[in-house]
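Written out below as structure tokens is the structure these notes cover.
We number each residue from 1, following the sequence as shown. Since the model is a prediction, treat every value here as computed from it, not as a measurement.
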Amino acid sequence: MAFYCNFYLSVLITIMFSVIGLCSADLSSDYYEKSCPKAMYTIKNVVANAVTKERRMGASLLRLHFHDCFGCDGSILLDDTSDFTGEKTAKPNTNSLRGFDVIDKIKSQVEKLCPGIVSCADIVAVAARDSVVLLGGPSWTVQLGRRDSTTASLSAANSDIPSPILDLSDLITSFSNKGFTAKEMVALAGGHTIGKAQCTTFRERVYNETNIDSSLATSLKSNCPSNGGDDTLSSLDAATPVLFDNHFYKNLVNNKGVLHSDQQLFSGGSTDSQVKTYSTNPITFDEDFANAMVKMGNLSPLTGTNGQIRTNCRKIN
């Protein structure tokens with residue numbers, strides 16, 4: 001995923017799907033303590049090896065979690081078959097999402113330890129948290145006990161993910177519709193402190209908008225021609241591209257947001273003050289991001305007897 005398409009597309013992905021049925025009562029932080037006590041260590045170890053090998057993978061795994069949170073149910077992992085169409089080929093996902101092989105490796109190792117116990121959805125959620133920590137970001141307590149979906153929705157993935165060209169008012173409405181405050185929206189957008197975006201997601205901003213730093217525009221144009229090169233990548237935060245910090249907000253204050261939707265957070269509107277706060281107070285950002293991630297991870301998960309625990313994350317049992 002090179003975190004390609006806007007992590008905002010990512011972040012935004014969270015907002016779009018599923019009513020916010022926070023089933024926190026059905027989830028718990030120690031869910032696997034007795035049934036699979038080595039699960040968390042196993043996930044952390046595989047993620048650490050993957051991120052050490054390729055730092056960008058941390059951003060990819062974080063974005064994968066965002067894109068899975070239609071209900072945080074592992075639906076994003078399902079492959080297409082002759083009689084089933086998953087979400088991987090949806091426009092926001094195709095040639096964009098990455099990290100599936102890392103999830104496969106984790107699942108394989110966990111299945112050897114505790115067959116049929118740990119869900120793919122939980123693996124994705126924990127891998128995202130561990131990735132952020134490995135890249136210097138905050139930790140948070142992941143609530144566990146999600147089960148895996150037996151379905152996926154290509155149409156929802158295509159229609160519900162907000163565009164990176166949305167204006168502030170539309171962004172606020174989208175997040176609000178799913179139970180997120182504007183403050184939480186701004187915090188989640190900070191995931192764009194790592195990862196990359198495809199040329200096609202920021203070309204319009206680079207060539208036609210005026211509220212963009214001229215040096216940034218020149219730099220982005222060198223890697224994103226006005227025609228062609230749609231899939232070429234540029235860092236969402238060129239200053240510290242593989243470090244999870246608050247530099248994303250410093251960029252916005254200086255009109256250095258790569259995506260239109262990102263720069264909208266600091267464009268003379270109601271979220272300017274929050275961006276300024278995060279740009280000067282990394283501790284506050286870390287706390288708010290972690291809290292928002294917990295809330296996002298609890299978006300309408302499958303629990304109890306709903307869904308299943310897949311043996312292979314790519315296909316239904």
Side-chain angles (χ1 to χ4, degrees), residues 3 6-16 20 22 59 62-63 66 69 132 135-140 162-195 197 201-202 204-206 209-217 220 235-241 243-299:
F3 212 37
N6 120 34
F7 174 109
Y8 219 97
L9 277 185
S10 298
V11 155
L12 284 171
I13 254 188
T14 90
I15 71 182
M16 44 187 183
I20 194 163
L22 296 184
L62 176 57
R63 184 168 181 253
F66 273 108
C69 278
V132 169
L135 294 178
S139 184
W140 59 90
S163 165
I165 63 171
L166 285 183
D167 291 333
L168 180 61
S169 60
D170 294 322
L171 292 172
I172 291 174
T173 297
S174 294
F175 277 89
S176 177
N177 287 342
K178 300 307 173 186
F180 290 103
T181 65
K183 179 180 178 179
E184 289 167 335
M185 174 188 74
V186 175
L188 287 172
H192 274 172
T193 187
I194 53 176
T201 65
F202 58 81
E204 181 71 18
R205 169 161 167 72
V206 169
E209 295 185 9
T210 57
N211 63 336
I212 182 170
D213 176 79
S214 59
S215 62
L216 174 66
L220 291 174
S235 295
L236 288 163
D237 174 9
T240 56
L243 181 63
F244 196 99
D245 57 16
N246 68 328
H247 209 282
F248 168 76
Y249 299 102
K250 296 180 181 180
N251 289 340
L252 298 186
V253 170
N254 291 294
N255 284 335
K256 292 184 177 181
V258 174
L259 301 173
H260 173 85
S261 53
D262 284 346
Q263 192 59 57
Q264 281 291 293
L265 301 180
F266 191 83
S267 57
S270 60
T271 55
D272 280 15
S273 61
Q274 195 63 45
V275 170
K276 281 188 175 180
T277 295
Y278 291 156
S279 73
T280 58
N281 195 326
I283 294 177
T284 299
F285 163 56
D286 282 354
E287 292 176 349
D288 289 353
F289 180 83
N291 289 333
M293 287 298 293
V294 171
K295 182 173 179 177
M296 190 197 79
N298 291 344
L299 270 177

side-chain contact (heavy atoms from CB on, under 4.5 Å) partners of Asn291, counting only residues at least two apart: none
CA sep, side-chain torsions, deciding dist, call: His260, Glu204, side-chain hydrogen bond (donor to acceptor under 3.5 Å, both in side chains): CA-CA 8 Å; His260 173 85; Glu204 181 71 18; over 6 Å; no
Heavy-atom check, side chain of Glu184 versus side chain of Asp288, under 4.5 Å: no
With Phe244 via ring pair (Phe, Tyr, Trp, His ring centres under 6.0 Å) - residues at least two apart: Phe285, Phe289
Smallest separation among heavy atoms of Leu168 and Met185, with atom names: CD1-CE, 4.1 Å
Nearest non-hydrogen partners of Ala189 and Leu265, listed with the distance: CB-CD1, 3.6 Å
Exam field: side chain Lys256 to backbone Ala238, donor-acceptor pair closer than 3.5 Å: no
Under 3.5 Å donor-acceptor, Asn246 side chain and Ser279 backbone: yes
Sidechain-backbone polar pair: Ser261 side chain, Leu166 backbone, donor-acceptor under 3.5 Å: no
Check: Thr277 main-chain N/O paired with Tyr249 side-chain donor or acceptor under 3.5 Å: no
Closest contact, heavy atoms only, Leu259 versus His192: CD1-CE1, 3.4 Å
For the student: nearest non-hydrogen atoms of His247 and Asp237, plus distance: CB-OD2, 3.3 Å
